[in-house]
Amino acid sequence: MKKLIFYGASLLILASCSQDEDVFFGNKNESNTGIKFEILTAGSASRATTDDNFKTTFDNGDELGLYVVAHPAGETADLASTGNYADNYKLSYIGGQWVIDKEVTFPESGVELDFYAYYPYAENVDPKAIGYNASTAMYDLMMAKTADIDNSVETVTLTFYHQLGLLDAQIVDGAGSALTAEGFCTSATFNLGEYGTDEVMTCGTEVKSLPMTMVGTKHFRAYVPAQKVAEDAKIVIKSGNETQDYSLKNENVFAGLAYKYNITSTLVSLADLPNCYMVKPGESVTFPVLKAFKVWQDIPYINNGNLRNDGELGVTLIWQDHKSLITSVKLNANADQREQSTVTVQTGELEGNALVSVTMGGDKVWSYHIWVTNFDPEAHTVGVDNNGDGVDDYVFMDRNLGALSNDVNNPLSIGMYYQGSNNEPYASFTDKFPTDGTKLTEIPLYDIDNNPFTYTVDGIWGSDQGQSTRRILTFPGLFVTSGGEPYSWITTDANAELLYGPNYWTVEATGEKGVFDPSPAGWMVPDYRNGLSPWASYLDGNALVGDPLSIYPKGGRMRFDGTFGNTTSAMLFSGTMAAPEYPLKNQAVQFDGDWGQINNYSTCNGLNVRCVKVK
């Protein structure tokens with residue numbers, strides 16, 4: 001049984017009466033001596049699983065319940081709680097066919113049968129008091145009845161109709177990580193024997209907050225009994241610690257109707273505030289400092305919800321990989337609301353990469369990657385199907401994050417390196433490929449005055465995850481090393497549970513972009529989809545299918561000791577952490593010559609990133 005199953009129609013428009021059908025035999029043996037059944041649905045959108053276009057299909061494992069009442073021809077009989085001609089026979093959808101657990105046959109001549117059915121199946125149910133409680137579990141309750149069937153009929157048709165209303169809410173702009181329907185009666189009792197009459201449902205009196213179920217990116221649904229909508233009924237949108245109310249326009253919820261709400265949210269998601277800004281040479285980019293405030297305030301383990309320093313707001317250039325790449329950085333202060341201030345970065349005539357930090361009271365608190373390039377990522381994409389079903393699961397950029405070329409023979413194609421789950425970029429050489437043993441401190445970088453800047457390479461301090469995160473936020477240009485397991489910048493405790501969960505680059509529960517994701521707006525580090533790596537289509541075991549080294553440059557990795565290694569390989573992080581077995585490692589891929597493999601790489605390693613479009 002599916003926890004949540006969907007159907008759809010436009011707001012206040014009943015689904016049409018076109019019919020889908022599945023024909024099945026009503027027995028499990030090969031003799032087919034029992035009654036045959038034809039399952040129909042009222043409208044083309046009433047099966048167990050519904051996609052975004054409201055096309056619905058039954059899934060393997062879906063189950064129906066069937067009751068049969070016998071009575072003399074020309075007479076009537078009521079459905080009883082028990083003792084019917086057939087009580088709660090189960091029909092299971094298996095391998096594209098319906099299979100019944102007990103055969104149904106006609107009795108002697110002169111007797112007619114009434115067939116009652118409901119979906120989904122439940123054991124020990126009272127057909128005259130089928131309970132539904134949306135606050136416990138939501139599902140698409142459907143019923144069917146076909147009466148007065150005699151033994152001249154070979155196939156019994158059952159047409160199912162929806163007994164609940166569907167609330168369908170889509171955040172079309174702004175943020176919303178959770179939605180709750182408020183002011184609805186969430187429970188009801190259904191009498192299958194009264195199917196087709198106004199007495200089929202008795203609505204409960206208890207009104208509860210109803211968490212809606214996420215069915216896609218910023219897309220939520222909930223089933224509720226038919227009812228008059230209370231004046232104070234609403235949908236509450238939540239993002240971080242903030243909420244917004246959305247008032248409903250419909251006065252009623254009717255059974256069999258879907259109510260679609262397109263919601264513009266005024267809330268802000270931390271993950272929607274990017275950590276990388278793209279700008280063309282000779283142009284400027286202006287961006288908000290809000291994230292520098294919200295990360296400290298909304299992620300409690302970092303500093304108990306407190307700012308690092310509540311002093312004067314500022315901005316500074318940490319490094320640039322070409323002299324005069326950045327000509328100025330300026331804070332546009334908002335005296336009344338400091339968190340609404342912005343930063344403007346003016347570029348010179350070259351392409352390259354830089355790191356800019358927002359400061360509070362002189363303390364650096366959050367850093368932004370400035371990618372100075374003429375590259376338009378929207379115009380240079382590659383679709384990838386990772387499970388072979390013919391549907392693209394990803395739309396990739398055609399180059400690494402921070403790269404200035406897609407020519408894998410050009411060292412400018414390497415782009416930036418990232419320690420696993422850290423948002424801060426680490427530059428590569430711009431004039432040559434790294435070689436094994438090369439040190440990070442040898443990469444030529446410059447400050448705003450074109451004086452040399454050198455990375456600091458230092459060991460991890462200890463097991464305190466909050467301290468480690470504060471350290472990398474307040475010390476941009478630091479590469480954290482580790483001399484032993486778990487080889488992590490996050491903690492020295494190999495058995496640690498992640499305080500922030502495996503949600504740095506990707507929110508594991510939803511596949512959404514995480515707060516620390518280093519990508520530009522509209523892009524993200526690729527997560528695992530279909531239970532597979534973003535690069536699964538390249539691999540048949542360790543043998544390569546195709547030539548990934550014509551697409552991914554041999555950048556190797558920044559090792560956990562602060563030197564380059566594996567520089568004959570292309571190595572890329574995904575956004576999915578290897579939890580729970582390896583909670584301090586990120587899933588990655590390594591291509592080398594004619595072989596490749598999927599690895600769990602510790603977060604102290606720095607690997608390249610290839611972004612995909614946000615789902």
Side-chain angles (χ1 to χ4, degrees), residues 274-287 289 314-332 342-359 362 364 366-377 399-407 409-419 422-435 438-458 472 475-479 518 520 553 555-556 558 562-564 567 606 608-609:
N275 297 320
C276 173
Y277 288 93
M278 302 181 70
V279 58
K280 294 182 182 297
E283 298 182 1
S284 64
V285 59
T286 297
F287 54 88
V289 303
V315 62
T316 185
L317 177 77
I318 304 300
W319 57 257
Q320 54 187 336
D321 61 7
H322 289 87
K323 290 182 179 180
S324 302
L325 176 73
I326 305 299
T327 59
S328 69
V329 293
K330 182 180 68 171
L331 177 72
N332 309 304
T342 61
V343 171
T344 297
V345 177
Q346 177 64 52
T347 68
E349 300 302 319
L350 300 174
E351 290 189 305
N353 293 272
L355 187 67
V356 169
S357 289
V358 171
T359 63
K364 303 173 184 69
W366 192 262
S367 299
Y368 300 89
H369 172 203
I370 308 301
W371 187 5
V372 187
T373 178
N374 286 303
F375 168 58
D376 177 5
R399 64 198 66 194
N400 290 349
L401 180 53
L404 304 179
S405 172
N406 66 348
D407 178 1
N409 297 308
N410 186 334
L412 293 176
S413 65
I414 293 175
M416 300 292 99
Y417 291 83
Y418 294 87
Q419 290 192 290
N422 188 346
N423 69 292
E424 181 182 335
Y426 297 91
S428 181
F429 295 93
T430 58
D431 60 341
K432 62 182 179 181
F433 285 89
T435 56
T438 308
K439 297 179 180 179
L440 277 64
T441 53
E442 297 173 6
I443 298 171
L445 299 171
Y446 310 93
D447 65 16
I448 191 65
D449 297 318
N450 294 327
N451 297 315
F453 172 90
T454 303
Y455 281 127
T456 298
V457 177
D458 193 22
I472 61 108
F475 196 165
L478 168 68
F479 187 93
M558 290 181 174
T563 65
F564 283 95
T567 52
N608 297 134
V609 162

task: Kindly give the heavy-atom pair with the smallest separation between Ile414 and Phe433, and that separation in Å.
output: CD1-CD2, 3.4 Å
query: Any donor and acceptor pair, going by atom type alone, linking the side chain of Asn410 with main-chain N or O of Leu412 inside 3.5 Å?
result: yes
- prompt: Between Ser324 and Asn450, is any side-chain donor less than 3.5 angstrom from a side-chain acceptor?
  reply: yes
- request: Kindly say whether Leu478 contributes a backbone atom to a donor-acceptor pair with the side chain of Tyr426 at under 3.5 angstrom?
  value: yes
- request: Only one of Val356, Ile448, Leu355 passes side chain to side chain contact (heavy atoms under 4.5 Å, CB included) with Ile318; say which it is.
  value: Leu355
Show which side-chain atoms of residues 342-353 pair as donor or acceptor with protein atoms under 3.5 Å away, not counting sequence neighbours.
| residue | atom | partner | partner atom | Å |
| --- | --- | --- | --- | --- |
| Thr342 | OG1 | Asn332 | ND2 | 2.9 |
| Thr344 | OG1 | Thr286 | OG1 | 2.8 |
| Thr344 | OG1 | Asn332 | ND2 | 2.9 |
| Gln346 | NE2 | Gly282 | O | 3.3 |
| Thr347 | OG1 | Lys280 | O | 3.2 |
| Thr347 | OG1 | Gly282 | N | 2.8 |
| Thr347 | OG1 | Glu283 | N | 3.1 |
| Thr347 | OG1 | Glu283 | O | 2.7 |
| Glu351 | OE2 | Thr373 | OG1 | 3.3 |
| Glu351 | OE2 | Asn374 | N | 2.7 |
| Asn353 | OD1 | His369 | NE2 | 2.7 |
| Asn353 | ND2 | Gly402 | O | 2.9 |

query: Below 4.5 Å, heavy atoms only, C-beta onward: do Glu442 and Phe429 meet side chain to side chain?
result: yes
Nearest heavy atoms of Val329 and Ile326, plus distance in Å: CG1-CG2, 3.9 Å
Reported OG1-to-CG distance for the pair Thr454 and Asp447, which is rounded to 0.5 angstrom: 10.5 Å
Donor-acceptor under 3.5 Å (Trp371 side chain, Ala403 main chain): yes
statement: Sequence neighbours excluded, the answer for salt bridge (charged side-chain N to carboxylate O under 4.0 Å, His left out) partners of Asp407 is none
message: Could you check, using the six-membered ring where one of them is a Trp, whether Phe564 and Tyr417 have ring centers closer than 6.0 angstrom?
response: yes
- prompt: Say you draw a straight line from CG of Asn275 to CZ of Phe287; how long is it, rounded to the nearest 0.5 Å?
  reply: 10.5 Å
- request: Answer whether the closest heavy-atom distance between the side chains of Lys432 and Thr438 falls below 4.5 Å.
  value: no
- request: Verify ring-ring contact (aromatic ring centres under 6.0 Å, His included) between Tyr455 and Phe479, making sure each step is shown before the conclusion.
  value: CA-CA 7 Å; Tyr455 281 127; Phe479 187 93; 7.9 Å; no
- prompt: Is the shortest heavy-atom distance from the side chain of Pro425 to the side chain of Tyr418 under 4.5 Å?
  reply: yes
- prompt: Hey, are the side chains of Val289 and Trp366 touching, using non-hydrogen atoms and a 4.5 Å cut-off?
  reply: no
task: Specify the closest pair of heavy atoms between Ala427 and Ile443, including all atoms of both residues, with the distance to one decimal.
output: O-CD1, 3.0 Å
message: So which atom in Pro434 and which in Gly555 form the shortest heavy-atom distance, rounded to 0.1 Å?
response: CG-O, 4.0 Å
Reported OG1-to-CG distance for the pair Thr430 and Leu325, which is rounded to 0.5 angstrom: 10.5 Å
Exercise: identify the closest heavy-atom pair between Pro518 and Cys276: O-CB, 3.2 Å
field: Closest heavy-atom pair and its distance - Ser357, Ser367
entry: OG-OG, 2.5 Å
- prompt: Can you tell me if Asn608 uses its side chain to pair, donor with acceptor, with the backbone of Met416 under 3.5 Å?
  reply: yes
message: How long is the straight-line distance from OG1 of Thr567 back to CE of Met558, given to the nearest 0.5 Å?
response: 12.5 Å
